[in-house]
Amino acid sequence: MIRLIEVTKEDIRNGDRGCSDSCAIARALRREYDPTWSEDNQLDIEVELEYGEPKLWVEHKQLEINIDQCAFVKKFINDFDNFENVEPFTLKIREEVGA
């Protein structure tokens with residue numbers, strides 16, 4: 001199953017650069033996976049580059065980025081963290097059915 005995650009202008013504007021749990025992509029993931037978020041009750045969500053590859057985590061479960069987007073997501077993370085101009089996009093996450 002493919003889950004589509006919208007990274008919006010608001011996520012980009014309000015995301016924390018260099019912060020793995022509140023960057024633009026993390027904000028979009030939180031909206032999708034943690035809709036009842038509060039300061040006292042929230043899922044552990046992380047976005048990072050590990051050995052140059054983008055890694056996305058929700059509650060210690062690694063999300064699988066659609067293979068055709070890996071290079072784009074890596075560039076987005078680098079550009080976002082380095083205050084370069086980035087645009088909204090739709091992130092495709094592959095999930096196992098029944099997982």
* Asked: About how many Å separate CG of Leu29 and CG of Leu91, when rounded to the nearest 0.5 Å?
  ->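 These two atoms lie 6.5 Å from each other.
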* To do: Give, for atom CZ of Arg27 and atom CD1 of Ile5, the distance between the pair rounded to the nearest 0.5 Å.
  =>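 It is 14.5 Å, given to the nearest 0.5 Å.
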With the side chain counted from C-beta on, respond yes when [X] and [Y] share a heavy-atom pair under 4.5 Å apart, and no when they do not.
| X | Y | result |
| --- | --- | --- |
| Glu48 | Trp57 | yes |
| Ile25 | Phe89 | yes |
| Ile65 | Leu63 | no |
| Leu56 | Ile93 | yes |
| Met1 | Arg94 | no |

Could you give the side-chain donor-acceptor pairs of residues 68-77 under 3.5 Å, partners two or more places apart or in another chain?
unit_1: Asp68; atom_1: OD1; unit_2: Asn66; atom_2: ND2; d: 3.1
unit_1: Gln69; atom_1: OE1; unit_2: Lys92; atom_2: N; d: 2.7
unit_1: Gln69; atom_1: NE2; unit_2: Thr90; atom_2: O; d: 2.8
unit_1: Lys74; atom_1: NZ; unit_2: Gly52; atom_2: O; d: 3.3
unit_1: Lys75; atom_1: NZ; unit_2: Asp79; atom_2: OD2; d: 2.6

* Given Arg31 and Asp11, is the side chain to side chain contact (heavy atoms under 4.5 Å, CB included) satisfied, shown in steps? -> CA-CA 10 Å; Arg31 191 171 50 255; Asp11 294 326; 2.8 Å; yes
* Before giving the answer on side chain to side chain contact (heavy atoms under 4.5 Å, CB included), spell out for Arg3 and Tyr33 the whole-Å C-alpha distance, their side-chain angles and the decisive distance to 0.1 Å. => CA-CA 11 Å; Arg3 188 183 288 229; Tyr33 287 93; 3.4 Å; yes
Only distances under 3.5 Å count here; give the side-chain donor-acceptor pairs of residues 14-23 to other protein atoms, sequence neighbours excluded, each with its distance to 0.1 Å.
unit_1: Asn14; atom_1: ND2; unit_2: Glu10; atom_2: O; d: 3.3
unit_1: Asp16; atom_1: OD2; unit_2: Ser22; atom_2: OG; d: 2.6
unit_1: Arg17; atom_1: NH1; unit_2: Phe80; atom_2: O; d: 2.5
unit_1: Ser20; atom_1: OG; unit_2: Glu46; atom_2: OE1; d: 3.0

* **Within 6.0 angstrom of Leu4 CG, more than 12 heavy atoms from elsewhere** =>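 Check passes, neighbour count above 12.
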* Minimum heavy-atom distance between His60 and Asp44, given as atom pair plus value ->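 Looks like CE1-OD2, 3.5 Å.
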